Amino acid sequence: MALAAQKNREMFAIKKSYSIENGYPARRRSLVDDARFETLVVKQTKQSVLEEARQRSNDSECNPDILDFHQDDSSPYLEEPYTDSEHEADESNLEHKPRAAENNEEDKDQFLTEEEALLGQDIEQRGNELQNASLLARFRDGIGGLARVLKTVENYSGVINHVESRPSKDNGVQFDVLIRVEMTRQNLLLLIRSLRQSSSLAGVTLLQEETNSVSVKDPWFPRHASDLDNCNHLMTKYEPELDMNHPGFSDKEYRARRKMIAEIAFAYKYGQPIPHIEYVQTEIDTWNAVFGQVCDLAPKHACKEYNMIFENLKKEGIFRVGAVPQLQEMNDFLRRHTGFTLRPAAGLLTSRDFLASLAFRVFQSTQYVRHRTSPYHTPEPDCIHELLGHMPLLADPSFAQFSQEIGLASLGASDSEIEKLSTVYWFTVEFGLCKEKSQVKAYGAGLLSAYGELLHAISDKPEHRPFEPELTAVQPYQDQEYQPIYYVAESFEDAKEKFRRWVSDMSRPFEVRFNPHTERVEVLDSVDRLDALVSQMNLEMLHLTNAIKKLKAR
């Protein structure tokens, strides 16, 4: 029973990362605060695990200089303690001091990756320098062995800065765990060799070493839209069962319905039809109220691209009074116009997961409706926000391309760059303004689906600044009240050109492109791939040249 409970907790943690139930102390959330809090939780958990392991092993060779930490009984790794026999077996295989692993150094050289070989070559000159690196540990039987891996890192005088887990897609491997460490170069190489002796691990790979001497070869990010099944981590911000300020906090019926719709989204897999939601009358009434407001305000205050597609949606009967649109019918509409598709989401996703979806022209959309007592404002994204705010412009070719380019730039980006990209997304796709015949019009979904902020944004009260990605990306934003600052683009095309110049200076050491024929993201990191791309571009240029000649001949 305890094992089942632990398994459920582990899966819940994977599905709902950064959850309030882990003790997050504040309602206002940001990517940076989430990362800091997660690091704190990981360190506290690690300290508890290491103390328990120390008490059980009575290892006389443990480092006596390590501080004595207090055990935290709430640690998810301590629910099922290891038996003495299990612990001794893993101790003999895994927790070696650096000197023990050094004895097998020559035998291990043949298993080194290119990155590890380069690392080994640098040890003589800089072996004692501290090094930031990322390891991918692949666990065969759950992540219970993570405790022993953390202890091994400590034995090599390493500091763990980040731990992240995902279900593995490889046969015989249950979880892939990313571990970011800081330690000397020499101990890093010895650590890798030592971890490879563990029977609980299917493999250990050095993914990233933040130095010029070692290249980044294999950061994980989705390569096909089916990989988005692993990109549904929620960033809890407001939840009706947890946040007292949520309009539905005391409404048990609403909370139960939200939970039911969220479970439908969690169960969704790539290639399946989008589940049909039978909306109840209170939800339809809420849709009618917001839809009526948008119909009144959009013709005057929304950009012309939005208004044109909004009218097309009404003509096709997707937008109408008396029925909340289904994601499947909206999905079919978008696919015909720009190739964008939809997949259901259970709530507010982490920035990395959400942006990654855009790279495949996939928009992750909620299906639940905001609470009936607050029809004109929602503290989180709901399907009314997605449908009325985002969907019309995702059917515009220029805007769809801009959204996809933000997503492509996020693949393999660092945490700090993800924060900047999500901030640019916030001030453009969510709350962007653009010029149209010297007038300021709205194109941001957060404005077009919330008439109060729309009227505020186009008034003289807030500050209007020209859109410059390098400045926009570092501007703090407000997610609970109206924005004091909005960024105005000259046009979608101007915004795209500025964005392209800005992302070209990002630290990612490779370029990616989306292949619409295979629906895969390709990393342009080899001559063969570049040759194939150049050949394809030459063919397209030939078609364009012939078309120009024929037009001139007329």
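Because the structure is predicted, anything quoted here is derived from the model rather than measured.
More than 12 heavy-atom neighbours from other residues, nucleotides or ligands sit within 6.0 angstrom of NZ on K496.
Taking the six-membered ring where tryptophan is involved, the planes of F221 and F510 are essentially parallel, since the angle between them stays under 30° and well short of 60°. The aromatic rings of F431 and Y486 are tilted relative to each other, their planes meeting at an angle between 30° and 60°. Under the 30°/60° scheme for interplanar angles, the aromatic rings of F399 and F402 are found to be tilted. Aromatic ring pairs are classed by plane angle as parallel below 30°, tilted from 30° to 60° and perpendicular above 60°; the pair H390 and F363 is tilted.
In this structure, V149 and V177 have side chains that are not in contact, with every pair of non-hydrogen atoms separated by 4.5 Å or more.
Not one N or O on the side chain of Q367 forms a donor-acceptor pair closer than 3.5 Å with the backbone of L327. Remark: side-chain polar atoms of D227 are not paired, donor with acceptor, to backbone N or O of P222 under 3.5 angstrom.
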Should H385 and T366 be marked as a side-chain contact (heavy atoms from CB on, under 4.5 Å) after you check the CA-CA gap, both sets of side-chain angles, and the distance that decides it?
CA-CA 9 Å; H385 166 78; T366 55; over 6 Å; no
With ring-ring contact (aromatic ring centres under 6.0 Å, His included) as the criterion, how do F492 and Y443 come out once you've worked through the C-alpha distance, each side chain's angles and the decisive distance to 0.1 Å?
CA-CA 10 Å; F492 288 156; Y443 70 90; 5.2 Å; yes
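By the 6.0 Å and 45° rule, R258 stacks over the aromatic ring of Y368.
Each of T350, D353, L355, L349 was checked for a side chain to side chain contact (heavy atoms under 4.5 Å, CB included) with C231, and the lone residue meeting it is D353.
Using a cutoff of 4.0 Å between basic side-chain nitrogens and carboxylate oxygens, E316 and R336 are scored as salt-bridged. Using a cut-off of 4.0 Å between Lys/Arg side-chain N and Asp/Glu carboxylate O, E164 and R352 are scored as not salt-bridged.
Sorted by first then second residue, the salt bridge (charged side-chain N to carboxylate O under 4.0 Å, His left out) pairs that include residues 391-414, not counting sequence neighbours, are E405-R500.
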